[in-house]
Peer 1: 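Please see the structure below; I have some questions.
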Amino acid sequence: KNRIATDIPNDRATGLGRRIHDLIVGLGGRKIEESAASYWDETDSHVQQHGLPKTSAQYEVSVDLLPALYRELLNW
């Protein structure tokens, strides 16, 4: 979260994951995988400290949409 959106929970119906999904799909992207394996550097202290997920959704987004996607995320 990089100290942004820290007041938004990670899961549940109002969580960050759902909001990111809605944003990506709303911009024309699409989910291509529900639960793909996530690979983290297990020696990284952030991985251990925050218990990062073992799986995550994967999306396909046109590169032209990336500026709008990042602009929106920065305003959360």
Side-chain angles (χ1 to χ4, degrees):
K1 292 183 180 180
N2 294 331
R3 294 174 294 286
I4 298 173
T6 55
D7 59 334
I8 302 172
N10 286 329
D11 48 19
R12 295 188 295 262
T14 59
L16 193 58
R18 183 66 200 188
R19 287 184 65 180
I20 290 171
H21 167 272
D22 292 347
L23 174 61
I24 292 172
V25 172
L27 289 171
R30 66 184 185 97
K31 186 187 289 187
I32 57 172
E33 174 113 19
E34 179 65 35
S35 190
S38 298
Y39 299 98
W40 307 102
D41 177 356
E42 294 296 330
T43 63
D44 186 311
S45 63
H46 283 68
V47 173
Q48 295 170 6
Q49 177 184 1
H50 299 291
L52 298 178
K54 300 295 181 199
T55 63
S56 58
Q58 303 294 303
Y59 294 87
E60 182 176 78
V61 179
S62 170
V63 255
D64 335 356
L65 300 176
L66 292 178
L69 177 66
Y70 280 100
R71 260 193 313 277
E72 183 65 30
L73 289 172
L74 287 172
N75 288 315
W76 286 359

Peer 1: Can you hop from Tyr39 to Ile32 via hydrophobic side chains spaced under 4.5 Å?
Peer 2: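 They do not share one cluster, since no chain of ILVMFWY contacts under 4.5 Å joins Tyr39 to Ile32.
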Peer 1: What's the separation between atom CZ in Arg19 and atom CG in Asp22, rounded to the nearest 0.5 Å?
Peer 2: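 So the CZ of Arg19 and the CG of Asp22 are separated by 9.0 Å.
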Peer 1: Distance check, rounded to the nearest 0.5 Å: Gln58 atom CD versus Glu34 atom CD?
Peer 2: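 So the CD of Gln58 and the CD of Glu34 are separated by 10.5 Å.
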Peer 1: Can you tell if the side chain of Trp76 reaches within under 4.5 Å of the side chain of Leu23, non-hydrogen atoms only?
Peer 2: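 Touching, per the 4.5 Å side-chain cut-off.
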Peer 1: Where do Arg30 and Ile24 come nearest, in terms of heavy atoms and distance?
Peer 2: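 Distance-wise, the nearest heavy atoms are N-CG2, 4.5 Å.
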Peer 1: Do the non-hydrogen side-chain atoms of Ile20 and Leu73 ever get within less than 4.5 Å of each other?
Peer 2: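 Of all side-chain heavy-atom pairs linking Leu73 with Ile20, at least one is under 4.5 Å.
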Peer 1: Quick check: closest heavy atoms across Ser38 and Pro53, and the distance to 0.1 Å?
Peer 2: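 Scanning both residues, the minimum pair turns out to be CB-O, 3.5 Å.
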Peer 1: For the CG atom of Leu16 and the NE2 atom of His21, what is their distance to the nearest 0.5 Å?
Peer 2: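 It is 13.5 Å, given to the nearest 0.5 Å.
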